[in-house]
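This report concerns only the one structure given below.
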Amino acid sequence: MSLTKEELLHLAKLSRLQMSEETLHAFQPQLEGILNYVGRLQSVEVSPVSGESLPTEATVRQDLPLQSSETLLEELQSAFPDRVDHLLRVPGVFEKPKD
Amino acid sequence: MAMSLPHLNWTIKTAADALEKKQFSSKDLVEEYLTNAQAKNDDLNAYLTFMIDEARAAALASDARRIRGESLSVLDGVPVSVKDNLLTRGTRTTGGSNLLSKYIAPYDATVITRLREAGAVIIGKTNLDEFAMGGSTEHSAYGPTKNPLDLTRVPGGSSGGSAAAVAADICVASLGSDTGGSIRQPASFCGIVGFKPTYGRVSRYGAISMASSLDQIGPMTKTVEDAARLFEIIQGQDKHDQTTRPTQALMFDPDEGLEPIKIGLPKQAWTVGGIQPGVKAALEAAMKRFATRGVEFVEVDVPYINEALAVYYVLMPCEVSSNMARFDGVRYGNRAPSDRLLDLYLDSRNKGLGEEVRRRILVGTYALSKGYYDAYYVKARQVQAEIRRAYAAAFKQVDLLMTPTAPSTAFKIGEKVSDPMAMYLEDVFTVSVNVAGLPAISIPCGESEGLPVGMQLIGPEMGDDLVLTAAHAFEQLT
């Protein structure tokens, strides 16, 4: 199993991670090592019917609003990295924000 | 006038007893632990945050309840610590990550709520590998935790802070989390008890998710009885976590003897290379002692468990890559300022996330990408199903299974940190338990070159009671 530099850069892009030349250099053999190890699964014979389902009886709660309070609201908002009053501030989604 | 505390080393049981007899107050006990913990933490780095004011207030409230005869549980007034990937309202929760260095959670994890409702006094948050990814606590953004038995060695991980805190007696008991061995391996390295319950017995609500289908919270304690008491308090169905199972009362009586049982030794595990001779010798000596209590040991065939590590290192990173997507600097955590949204994501994640987290995100992204999904993720799920079946078949022949908890004793700080695969192999005996959703405990069973060795007992699904009962019986022999 080999992982090319280009593939690694593409994975980084998909993962929203930056990759310095130095990191790229360090990660390439490490990730290859991991993928080589897990590659052993390819040769494991499994029974034809081996569908997997979680054994738990799922209990889905109703999507009802929880009780809230001014304090909780303030706590949630104070976790915002950037805010304007009660709003979460983010940069424009489009490349060229309007002035 | 309260009596002085001549020595610490309290367990939940002895502390509850002394508090009940009013030998001292919770305030005295908590102050003693806080002082001791702060003094020792310079060396150990077991705690990331102390909750001094909250702990003092909780201790006073506990003492007031006791005077009124309204104590809530055996934990009432007892100082405990919790791993810092469990959300605590009003107190910083970092997850061991730079990205959350200033994050104050707006709600409590369910296990924290249950601790508080039981009157426990939480004195601090313990160090961990970033977002619980690692086996040595060296991947914490806040520096490694040291093993209290030898400061040049790791305490194991990822719940290394909790293990070190319990072993150094700077808390009475602690909560950790275990995705592939993160409770059991550090318990083994630090010579304490670490219990991973059956998947679904403890709510994960408010625990920072690493691999949601494998994560489970559990007790890290000085005795098996303490682990049972703490488990009893945190376990049970929770409407906020749909993977929790209907609550089942724990059947554990420390005074009741162990019925004759049969323990299987999975030949696939015992024949694997890399078990340190001293570890093997300690386990074999432990078996001889255990056999005197009517325990019969038999070799069993558990096909596929040798594939569990590979299954784990596919499924876990897949879930990690998805779970870590939330850390983008937008809604909470540290944001790297930028005018462009993409740069905001990239810079925030770059500054916030450490190497091991990034490695796992990349592996997961690879395994889930088009063209590789069937070969990796789907195949891993199929082998996972085989592992579950193999365990179920083994538990038709035996009551419990036994392996070493880890192939080695605590290794040196820095020894494995730059070799991810070497670090991953530390999990070889523990991961299959998470892959199959089973309960397992690590208990100290001896020493190798002066360092503790852990014995792992694995039970069938929902067999938490038997795991604890057998571990307790073994502990009585030592």
Side-chain angles (χ1 to χ4, degrees), chain A residues 3 7-8 10-20 23 26-27 30-31 33-42 44-47 49-62 66 71-82 88-97, chain B residues 89 103-104 106-107 199-200 213 237 239-240 242-246 304 307 309-311 313-314 321 325 328-335 338-342 344-347 349-350 353 355 358-359 361-363 365-367 369 375-376 379-386 420-421 424 437 461:
Chain A
L3 189 67
E7 283 175 313
L8 194 48
H10 182 61
L11 285 176
K13 190 179 156 200
L14 290 174
S15 313
R16 296 287 184 259
L17 292 172
Q18 268 171 348
M19 188 82 79
S20 68
T23 315
F27 275 17
Q30 290 173 345
L31 297 196
I34 297 165
L35 292 172
N36 270 327
Y37 180 77
V38 301
R40 63 189 273 152
L41 292 177
Q42 306 315 319
V44 177
E45 300 267 340
V46 291
S47 48
V49 197
S50 60
E52 170 68 0
S53 63
L54 284 173
T56 45
E57 301 111 82
T59 49
V60 184
R61 73 182 158 87
Q62 281 189 290
L66 297 173
T71 330
L72 181 62
L73 250 151
E74 183 46 43
E75 281 171 323
L76 279 166
Q77 288 162 354
S78 58
F80 292 170
D82 193 4
L88 169 69
R89 192 199 330 239
V90 289
V93 174
F94 300 103
E95 291 298 296
K96 285 182 186 163
Chain B
R89 186 176 183 178
Y103 177 64
I104 310 277
Y107 68 97
Y199 184 80
S213 77
Q237 194 159 27
K239 66 179 178 188
H240 295 300
Q242 65 159 354
T243 62
T244 50
R245 292 156 174 265
Y304 295 102
E307 305 303 332
L309 195 68
V311 169
Y313 277 97
V314 172
S321 72
D328 56 7
V330 173
R331 289 157 303 153
Y332 48 78
N334 298 332
R335 178 190 289 185
S338 170
D339 292 337
R340 283 179 72 220
L341 194 60
L342 180 62
L344 184 153
Y345 296 148
L346 290 173
D347 292 349
R349 285 164 77 77
N350 219 39
L353 302 177
E355 278 203 356
R358 286 194 262 166
R359 264 194 293 269
I361 291 173
L362 290 166
V363 171
T365 305
Y366 179 88
S369 60
Y376 287 95
K379 188 64 189 267
R381 292 283 286 177
Q382 288 168 340
V383 181
Q384 178 183 33
E386 298 289 0
M421 233 12 260
Y424 295 176
E461 205 169 79

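In what follows, every heavy atom counts, from backbone to side chain, and hydrogens, waters and symmetry copies are set aside.
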So, the part of L88(A) with a heavy atom under 4.5 Å from chain B: the answer is side chain

Among D328(B), N334(B), V311(B), residue most engaged with chain A (heavy-atom pairs, under 4.5 Å): V311(B)

Quick one: closest heavy-atom pair of Y304(B) and E45(A), and the distance? OH-O, 2.8 Å

Can a donor-acceptor pair be found, under 3.5 Å and without considering hydrogens, that links the side chain of E386(B) to the backbone of S47(A)? yes

Taking every non-hydrogen atom, the tightest pair across Y332(B) and P81(A): N-CD, 3.7 Å

Return the CG to CD distance between L353(B) and Q18(A), rounded to the nearest 0.5 Å. 11.5 Å

Would you name the heavy atoms of Q382(B) and V46(A) that are closest together and state the gap between them? OE1-CG2, 3.8 Å

Side-chain contact test, heavy atoms from C-beta onward, threshold under 4.5 Å: evaluate it for R40(A) versus L309(B) and give yes or no. no

Short side-chain to backbone donor-acceptor contact, R349(B) and R16(A), under 3.5 Å: yes

Which pair of heavy atoms, one from Y376(B) and one from V38(A), lies closest together, and at what distance? CE2-CG2, 3.7 Å

Can you list everything that forms a ring pair (Phe, Tyr, Trp, His ring centres under 6.0 Å) with Y424(B)? Sequence neighbours excluded, please. Y313(B)

Supply the atom-to-atom distance Y366(B) OH to H10(A) NE2, rounded to the nearest 0.5 angstrom. 12.0 Å

Answer with side chain, backbone, both or neither: which region of L362(B) has an atom nearer than 4.5 Å to a non-hydrogen atom of chain A? both

So which of I34(A), V90(A), D82(A), T71(A) has the biggest tally of heavy-atom pairs under 4.5 Å with chain B? I34(A)

Between P91(A) and L341(B), is there a side-chain heavy-atom distance shorter than 4.5 Å? yes

Which answer fits F80(A), side chain, backbone, both or neither, if we ask what part of it has an atom under 4.5 Å from a heavy atom of chain B? both

Name the member of T23(A), L8(A), V44(A), L14(A) that forms the most heavy-atom pairs with chain B at distances under 4.5 Å. V44(A)

Measure the spacing between OH of Y107(B) and CG of L76(A) and express it to the nearest 0.5 Å. 9.5 Å

Contact class of S321(B) relative to chain A, heavy atoms under 4.5 angstrom: neither

Heavy-atom contact with chain A under 4.5 Å, split by part of A325(B): neither

Looking at residues at least two apart in the chain, or sitting in another chain, which of them share a salt bridge (charged side-chain N to carboxylate O under 4.0 Å, His left out) with R359(B)? E355(B), E356(B)

Can you tell which of I104(B), V330(B), V314(B) has the highest number of heavy-atom pairs within less than 4.5 Å of chain A? V330(B)

